[in-house]
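Working notes for the structure below.
Every chain is numbered from 1 and lettered A, B, ... according to where its sequence line falls, protein lines coming before strand lines. All figures in this text were calculated on a predicted structure; none of them were measured in a lab.
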Amino acid sequence: MKAANPSPISEPHALRNRLSTLGSAALLFLGIWWAGHNLDGYQTRLLNLVAVNAILALSLNFIYGFSGMFSLGHAGFMAIGAYVSALCILTPAQKEMIWLLEPIYEPLAEFMTPFVVSVFLGGLAAALTSLVIALPVMRLGGDYLGIATLGFAEIIRVLFTNLAPITNGAIGLRGIPPYADAWWNYAWLLATLFVILSLLKSNFGNVLKSIRDDEIAARTMGIDTTAYRTMAFCVGGFFAGVGGALMGSLVTTIEPKMFNFQYTFNILLIVVAGGLGSVTGSVVGAAVITILLEWLRIIEYPMDFGFIRIPGIPGMRMVIFSVVLMLIIIFRREGLLGNREFSWNAFYDFFGSLKKRPDVHLGHLLRFLRLVKKLLAGGQP
Amino acid sequence: MSECTLAEDNAGRFTAKTLHGPGGSGGVAPPGGPLLELSGVTMRFGGVTAIDDLSLKIPPQKVVGLIGPNGAGKTTVFNVVTGFYQPQEGRLEFEGQPLAGLPPQKICALGIARTFQNIRLFAGGTVLDNVMVGCHVRRKARWWMAPLCLPVFLREEKSIKEKSYALLERVGLARAAREKANSLPYGAQRRLEIARALATEPSFLLLDEPAAGMNPQESEDLMHFIAKIREEFNLSILMIEHDMKVVMGVCSHIWVLDYGRLIAEGGPEEIRNNPWVITAYLGRPAEGGPHSA
Ligand SMILES: Nc1ncnc2c1ncn2[C@@H]1O[C@H](COP(=O)(O)OP(=O)(O)OP(=O)(O)O)[C@@H](O)[C@H]1O
Ligand SMILES: [Mg+2]
């Protein structure tokens with residue numbers, strides 16, 4: 001889009017694109033409605049996991065991919081979101097049943113909020129915690145953040161195991177009301193996308209990326225890099241908390257040891273595989289990796305090929321995924337999408353030119369298939 | 001709707017008045033006083049004294065130069081002025097205000113902008129994005145207004161885009177607005193860095209070797225470009241430059257550093273004929289020079 005574009009500042013076809021976005025959101029909810037009537041429990045669960053993982057991946061990508069801070073504390077923020085939200089939706093009667101060994105901290109016993117408020121409070125609690133971590137750590141510079149957040153997630157686990165009057169200790173919380181259906185999960189995903197995209201598309205997004213690209217130049221441009229890093233970390237922390245809150249209601253049982261490093265690793269895998277610094281990549285990556293993670297469960301079961309019997313190897317799929325992560329980092333560091341994004345203009349251009357030059361697109365298709373073949377070949381150790 | 005005047009205006013004036021509207025640096029320099037004053041500034045790195053008891057006064061509305069052999073401490077002067085290093089001794093005053101202890105981002109907000117000897121563009125962004133980052137320091141909307149789509153925020157976003165595009169037109173890079181910043185040729189990257197610095201609405205601009213790596217024709221164009229922006233943006237420019245033709249051609253006053261010490265200052269003619277300068281540059285005593293006796 002060089003010469004043909006009369007106004008280089010405004011986005012071309014802004015109205016068409018906005019309508020397309022609204023249209024596809026409507027289509028999404030139509031799809032959810034259809035899924036509600038046609039999918040079985042297992043498939044619905046997968047559909048929900050995709051949305052929640054997409055929220056978690058977006059929040060980590062915002063911190064890591066767009067703002068350049070290596071954070072390994074996602075499981076910790078999720079735990080905070082999950083517990084805070086669960087405490088807000090469990091009924092007083094349930095709470096009385098759950099806290100058997102030690103009585104619940106009195107003010108919490110009667111406290112209840114609607115689900116949407118609970119999820120928001122879960123996010124808010126995670127964001128405030130991010131702020132508390134960020135204030136001392138941001139001054140040290142990016143590299144320390146990874147270590148500090150890793151430690152933080154461990155501390156949260158230990159803390160939650162021992163804060164029985166609030167968290168019910170190691171036993172955890174059971175029977176969390178399963179409000180997080182596809183409607184809620186996808187509505188929260190859209191909200192996350194909206195907030196993160198409106199920040200990234202604005203000049204504040206340029207500011208965050210400039211800090212990531214060259215901190216010295218950013219400071220020279222008058223940017224308070226510590227303040228903006230803190231902001232990005234807290235916004236990311238907020239949506240990690242939201243994701244955790246939804247996850248808690250989705251699985252209905254939470255306990256401290258559930259929020260181990262494995263969770264953070266899975267989210268990191270989605271972000272890196274989808275493309276650091278690509279919102280589209282995080283959403284696509286969440287869908288692909290979540291479904292693959294489920295499918296690969298099969299290989300952990302004992303397998304009987306008739307002539308040979310392989311006993312189940314627990315944790316095998318994580319070995320495979322670690323290898324995949326390494327292969328991505330070696331062969332395709334920019335991930336599936338690099339930092340490219342979906343755009344309606346590219347979408348319509350593609351279909352516009354498809355009509356004119358089918359041969360060119362046949363070439364694209366062949367190249368894509370060859371890439372898939374190569375990836376599949378590379379995936380076999 | 002004062003923001004919109006910039007766009008309508010972009011072929012013509014982009015004057016200091018528009019640039020330093022309310023919210024600009026708004027510094028109140030004492031009339032007739034220097035824009036920037038360094039007195040007795042000393043900067044040491046361990047055993048190395050990079051700047052040794054340096055005093056100088058930058059006049060307002062002038063293009064002036066800082067020269068000296070490699071390692072003389074020129075870039076260090078820039079780093080001290082822009083707040084990256086805190087000098088061990090001495091004082092800095094900008095528009096009558098002391099700069100001691102201020103971090104780089106505050107100094108930028110006061111109206112001092114710079115470019116770097118080894119270009120530092122934001123590689124992940126487009127040419128337009130780079131200039132827009134420069135506009136950030138003057139904006140009033142806060143980040144949380146973005147997801148709320150507050151009108152204040154939306155209006156400001158638009159004016160930032162327009163202002164950045166107008167700036168790109170001024171430096172002749174408008175056609176490349178959508179391209180990746182690091183895909184530009186070298187000379188264009190230098191101009192982009194200047195445009196980005198101008199976007200912060202400075203009253204004082206520091207250029208670190210703007211002609212480095214340019215061919216004679218490009219250097220020639222750069223000279224006119226520097227003189228032009230000084231005029232149009234109504235600011236002072238201090239430049240470090242090894243290309244004597246550029247320095248002599250565009251600077252009205254020149255300071256010469258050697259081993260961190262000021263060895264000469266004056267107009268281009270004086271500097272050209274100063275025996276100390278000739279010695280420092282050529283490394284051998286000139287007739288009547290400091291070491292000739
Ligand atoms: N951060 C630092 N730590 C230690 N020494 C430094 C630092 N910055 C500069 N120096 C030293 O200070 C001296 C002056 O360096 P400076 O970069 O200011 O020189 P310069 O005049 O800009 O040279 P050039 O023309 O090569 O750019 C050099 O000896 C350099 O090694
Ligand atoms: Mg230098």
Side-chain angles (χ1 to χ4, degrees), chain A residues 1-5 7-12 65-68 127 139 191-232 234-235 238-239 276-278 334 338-339 345, chain B residues 7 82-84 103-110 112-116 119-126 128-139 141-149 153-154 156-158 160-162 164-165 168 174-179 181 193 196-197 199-201:
Chain A
M1 50 160 152
K2 259 181 223 163
N5 188 358
S7 166
I9 301 166
S10 58
E11 185 194 351
F66 290 102
S67 313
R139 287 171 206 292
T192 309
L193 274 171
F194 179 77
V195 171
I196 283 183
L197 281 176
S198 60
L199 277 171
L200 288 177
K201 287 197 161 195
S202 76
N203 202 32
F204 294 109
N206 289 334
V207 165
L208 290 177
K209 289 180 233 166
S210 77
I211 300 171
R212 173 195 68 187
D213 289 348
D214 191 329
E215 176 164 11
I216 289 183
R219 296 182 75 193
T220 307
M221 292 295 109
I223 293 163
D224 186 342
T225 51
T226 306
Y228 276 93
R229 278 225 174 94
T230 305
M231 177 277 262
C234 292
V235 170
F238 177 85
F239 287 108
L276 272 179
S278 167
E334 72 275 23
N339 55 10
N345 288 334
Chain B
T82 51
F84 282 101
Q105 63 269 21
K106 292 248 170 67
I107 288 179
C108 173
L110 288 178
I112 301 182
R114 73 176 280 189
T115 64
F116 293 90
I119 305 173
R120 283 176 174 273
L121 289 170
F122 304 122
T126 63
L128 186 66
D129 293 340
N130 266 271
V131 182
M132 284 174 68
V133 170
C135 297
H136 172 80
V137 66
R138 302 291 169 218
R139 88 176 300 172
R142 315 277 306 184
W143 64 269
W144 50 264
M145 295 176 182
L148 299 179
C149 299
F153 159 79
L154 294 173
E156 215 181 32
E157 272 308 299
K158 189 161 174 278
I160 284 177
K161 262 208 181 121
E162 285 167 352
S164 303
Y165 194 77
L168 282 178
R175 287 168 148 272
R178 296 276 164 197
E179 279 168 40
E193 223 193 359
R196 186 179 69 176
T200 67
E201 301 180 7

[atom1] of [X] to [atom2] of [Y]: how many Å apart, nearest 0.5 Å?
X	Y	atom1	atom2	result
A:Asn206	B:Leu128	CG	CG	8.0 Å
B:Arg142	A:Met231	CZ	CE	10.0 Å
A:Ser202	B:Lys161	OG	NZ	9.5 Å

From A:Asp224, A:Ile223, A:Thr220, residue fulfilling side chain to side chain contact (heavy atoms under 4.5 Å, CB included) relative to B:Gln105
A:Asp224
Do B:Arg139 and A:Phe204 touch side chain to side chain, with heavy atoms closer than 4.5 Å?
yes
Would you mind reporting whether B:Thr200 and A:Met221 have side-chain heavy atoms less than 4.5 Å apart?
yes
Of all the heavy-atom pairs spanning [X] and [Y], show the shortest one and how long it is.
X	Y	answer
B:Pro147	A:Phe194	O-CE2, 3.2 Å
A:Ala217	B:Phe122	CB-CE2, 3.7 Å
B:Gly125	A:Asp213	N-OD2, 4.2 Å

Using the side chain to side chain contact (heavy atoms under 4.5 Å, CB included) rule, take A:Val207 and B:Trp143 through it: C-alpha gap first, then chi angles, then the decisive distance, then the call.
CA-CA 10 Å; A:Val207 165; B:Trp143 64 269; over 6 Å; no
Which bit of A:Ile211 is near chain B, if near means a heavy-atom gap under 4.5 Å: side chain, backbone, both or neither?
neither
Name the member of B:Glu193, B:Arg196, B:Arg114 that forms the most heavy-atom pairs with chain A at distances under 4.5 Å.
B:Arg196
Heavy-atom pairs under 4.5 Å with chain A: which of B:Ala197, B:Cys108, B:Ala113, B:Ala176 has the most?
B:Cys108
Return yes if some donor-acceptor pair links the side-chain N/O of A:Asn203 with the main-chain N/O of B:Met132 below 3.5 Å, else return no.
yes
